[in-house]
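Notes to accompany the following structure.
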Amino acid sequence: MTEAWTVPLPPEVTEPFEVFVNGVAQTPGVDYDLVGRVLRFSGPLAQEGRLGWLRWMSIFLGVAGTYRKNDSIDVVYESGGRRRVATGLPIVPPG
């Protein structure tokens, strides 16, 4: 089994749904697999953690920005006849 980054689906998300990584549509079976209630990606994903006080202060003062990789996973689904978006879903790294 290869390493996989996983994204648990919120309970309100039902099939059919669309998956986007950083705004780019993903294809099931190619870009990700659905295993139970979890999206499984074989490619690396990253989510920036909380900023420390020093980095936050440097951003606040305009000394530096934050340029770390921060993937955003969004799922578009239908509920009650309306399209809804679950955005910024948590990424669980392998292991």
Quick one: pull up [atom1] in [X] and [atom2] in [Y] and give me the separation to the nearest 0.5 Å.
| X | Y | atom1 | atom2 | value |
| --- | --- | --- | --- | --- |
| N22 | I73 | CG | CD1 | 6.5 Å |
| D71 | L89 | CG | CG | 12.5 Å |
| F20 | Q26 | CZ | CD | 9.0 Å |
| E15 | E78 | CD | CD | 14.0 Å |

Looking only at heavy atoms, which two atoms of [X] and [Y] are closest? And how far apart?
| X | Y | result |
| --- | --- | --- |
| W5 | P93 | CD1-CA, 3.7 Å |
| V92 | P8 | CG2-CD, 4.2 Å |
| A86 | V13 | CB-CG2, 4.3 Å |

### Message
Taking L34 as the starting point, is it possible to reach F41 by hopping between hydrophobic residues whose side chains are less than 4.5 Å apart?
### Response
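Yes.
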
#### Entry: R37 CZ: over 12 foreign heavy atoms closer than 6.0 Å
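It does: R37 CZ has more than 12 such atoms within range.
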
### Query
Considering the options V19, D31, I91, T6, which one meets the side-chain contact (heavy atoms from CB on, under 4.5 Å) requirement together with L39?
V19

